[in-house]
Amino acid sequence: MRQTAVYLQDHQLSGLKDASRKLGRSEADLLREGVDLVLARYREPIGECDLPAVHGGGQLASRVDDLLDEGFGRTA
C-alpha cells in the first residue's frame with residue numbers, strides 16, 4: 001500500500017468523519033472503498049453477453065394476474 005494526500009471540501013470531510021463513526025470503519029478504509037467504486041464504474045467492459053434478448057411485445061404487465069394464476073415462475 002502507498003500513502004497519498006487527498007484534499008476534501010469541508011462537507012466531504014465532515015460526511016466522511018460521520019460515516020466513519022457510524023460504520024465503525026476508518027476514514028482511510030472508506031476512502032479506499034470509494035476509489036474502488038469509481039474504478040469499477042469507469043472500468044472497460046469485460047466483453048459482450050451472448051444471452052438472447054427477450055421480446056414479449058409489452059404484454060406481460062397486462063397479463064400479470066393471469067400468469068400468476070397459472071403458476072408463473074413455479075418451480076415445483
Side-chain angles (χ1 to χ4, degrees):
M1 214 177 289
R2 297 188 67 177
Q3 185 176 2
T4 187
V6 177
Y7 293 89
L8 301 175
Q9 296 177 2
D10 289 339
H11 74 277
Q12 292 172 315
L13 183 57
S14 174
L16 179 63
K17 288 181 181 295
D18 187 44
S20 174
R21 276 192 304 276
K22 287 179 181 177
L23 298 171
R25 294 171 58 189
S26 70
E27 293 172 21
D29 189 44
L30 295 175
L31 286 169
R32 284 189 291 270
E33 180 181 341
V35 170
D36 286 341
L37 290 170
V38 169
L39 294 174
R41 181 176 182 179
Y42 295 104
R43 182 175 296 136
E44 290 289 325
I46 294 172
E48 294 184 25
C49 179
D50 293 335
L51 295 175
V54 177
H55 302 284
Q59 304 209 1
L60 179 61
S62 64
R63 297 188 50 224
V64 68
D65 291 327
D66 295 333
L67 293 169
L68 288 173
D69 287 342
E70 295 171 14
F72 178 75
R74 187 178 299 157
T75 58

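The basis for the numbers below is simple: all heavy atoms, side chains too, and nothing from hydrogens, waters or symmetry mates.
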same_hphob_cluster(L13, L23) at 4.5 Å side-chain heavy-atom cutoff: yes

Just wondering, do L8 and V6 contact through their side chains at under 4.5 Å, heavy atoms? yes

Do S20 and E27 come close enough that some side-chain heavy atom pair is under 4.5 Å? yes

Pair D36 + R32, salt bridge at N-O below 4.0 Å: no

Rounding to 0.5 Å, atoms CD (Q12) and CG (L31) come to a distance of 9.5 Å

Using 0.5 Å steps for rounding, measure from the CG atom of L37 to the CZ atom of R41. 10.0 Å

